[in-house]
Enquirer: 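What follows is a structure written as structure tokens; I'll ask about it next.
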Amino acid sequence: MQVKIVAERCQGHGMCNMVCPSVFKYDDDGFGYVVPGLEQVPANLADDVSLAEIQCPERAIVIES
Amino acid sequence: MARRRRLNEALSAAREYDPYTSEWLEQEFETYALLREELPIARVESRGRTERGDTGGSWLLTRYDDSCAMLSDTDTFSSQASSYPERPWIPQAIDPPAHTAYRRILNKWFTPDAMTAMEPHLEQFAGELLDKMLEKDEFDFVADFADPFPTVIFCELFGFPLEDYPQLMDWKNTLMHSSDGHGRGRALALAKAEELGIELDDDGEIPQDRLVEIWSNTGAALYEYFGKLLETRRQAPQQDMISWLIDAEYEGERPLTEEELLDTLFLMFMAGLDTVASALGLIVKTFAEQPDKRREFVALMDDSRRLMLAIEELVRYNAIVLLPRRVTRPVEFDGVRFHVEDQVSCPTMAANRDPEQFENPDEIIFDRVPNRHMGFGHGPHRCLGLHLARRELRIALVQLHRRLPDYELHPDHEPELFGGMKGASSLWLRKA
Ligand code: HEM
Ligand code: SF4
């Protein structure tokens, strides 16, 4: 599973960080990003990453399997 | 025929649309459902528009998808008043790109980490207030908890002196709740009317066109208060948001002007003081009325993941905010033509009950996924304080139900509700 955040869509409200803080962090302005190295999602975090994708209000999280 | 009748009912509902009273709340969800089915983009009469001297039509969106589309398109649907750039509320009444610049300043003080750091204090303060409230067998949850809890936290965060809290609440209630069914707000406005020599109409109400005087008089007092606070902090900075705001730089280029500082503080005050209190009051009212849902919540609240989803669902179900925007260019929206200066409003409580987006929208489903609700808004203006709000709601609800899993509405005191940015101004409960 591969995950990324489409920067143009992200509005920086941190739902992703709330759901899966190990994979999603946010920068100084509050915009979300995927922790470098975790774009290829470890199996034990896959459920949380999927939930973040579903919950992101701006649909800015994209998963490719 | 039946179909025709529904349409006529919808047309009447649109003509009579007035969400700013407590009576409205008795049938709000039925009316929004009727409009969503028959007139999802409804031309409405809207109180307040003529008072402000606004021109143009008024529209009401009740579908989730339409609301999302509107709130994302800030070029067409502006948050700025037609008087812009004269003294806008920052950041709420400003469009990108200036909005983005202001949010950049503010976002970093409201991040999840910054708000998590406050949690121990939230836990402690919530506990103290609840213990005190629960010494009694019957109590007003709003007066004893829902109002003071977020308000005191907000004052601490911003650096408003705690002893000013009663005065700040009074100003807030006069500005926001003078004519929406809020008992205290109405009493304050009536007192102010007398002070200003405003004559009441035949029904004993303050005439609509004179309310503006009361608001501007109160607003002026508040601005003077903010001005003095800014001056004090310039002399002696503290670890609070007022001091950080004074040091902040717009686009890294210049400090904020005195006007910008005042207009930001004012908006924070309007957005942060009342909202959590309103949501909490309505959520606990829901739990008093739906004991099975309350028990379900109590059973899940020790599971942090389920609790997180449950809080989102409670915010969806109890959305409180109406979101108006101003049309900046002629545009066709799903076949309806909007004109420049039209006002379009999407009530988050309507979008959040759209069955196209939320299955069984009128039921609380704690582990609802997906739940991209609009309780905190949508798009660039999405709530700045949502990480704080979520924590306050979570901590308040868990601590309350640990201490008191069973309660009921007090049989002798009806809950007092207010419309507009809706909420409960009094909620008497008793231990079951
Ligand atoms: C349950 C509680 C809350 C709810 C339901 C709520 C809801 C909302 C909504 C729907 C908006 C969007 C307004 C718009 O699009 O015009 C908003 C914006 C805002 N909220 Fe909240 N809010 C809550 C708590 C708070 C708190 C605690 C604070 C601050 C301490 C806060 C500060 C703000 C600010 C500053 C904005 C303007 C953001 C902007 O325009 O960029 N809110 N809120
Ligand atoms: S939840 Fe979506 S919009 Fe919010 S910060 Fe994460 S990616 Fe951005």
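To find a chain, count down the sequence lines: A is the first, B the second, and so on, and within it residues start at 1.
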Enquirer: Minimum heavy-atom separation for H13(A) and R390(B), please, with both atom names.
Expert: O-NH1, 4.3 Å
Enquirer: By a 4.5 Å heavy-atom criterion (distance strictly below it), what part of I105(B) contacts chain A: side chain, backbone, both, or neither?
Expert: neither
Enquirer: Below 4.5 Å from any heavy atom of chain B, which atoms of R59(A) appear? Answer side chain, backbone, both or neither.
Expert: side chain
Enquirer: For chain A, which residues from residues 373-385 of chain B lie under 4.5 Å away (heavy-atom distances)?
Expert: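 Against chain A, the residues of residues 373-385 of chain B that fall inside the cut-off (heavy atoms, under 4.5 Å) are H378(B), G379(B), P380(B), R382(B).
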Enquirer: A side-chain contact here means heavy atoms from C-beta on lying under 4.5 Å apart; do R372(B) and M15(A) qualify?
Expert: no
Enquirer: Can you confirm whether more than 12 heavy atoms, excluding those of Q40(A), are under 6.0 Å from its CD atom?
Expert: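 Yes.
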Enquirer: Find the distance between CG (D113(B)) and CG (N17(A)) and round it off to the nearest 0.5 Å.
Expert: 6.5 Å
Enquirer: Return the CG to OG1 distance between D27(A) and T111(B), rounded to the nearest 0.5 Å.
Expert: 11.0 Å
Enquirer: What's the spacing between Q11(A) CD and N107(B) CG if we round to 0.5 Å?
Expert: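 Those atoms lie 10.5 Å apart.
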Enquirer: Identify the residues of residues 47-57 of chain A whose heavy atoms come closer than 4.5 Å to a heavy atom of chain B, ordered by number, or report 'none'.
Expert: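 From residues 47-57 of chain A, the residues near chain B are D47(A), D48(A), L51(A), E53(A), I54(A), Q55(A), C56(A), P57(A).
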Enquirer: Salt bridge or not for D28(A) and K108(B), using N-O below 4.0 Å?
Expert: no
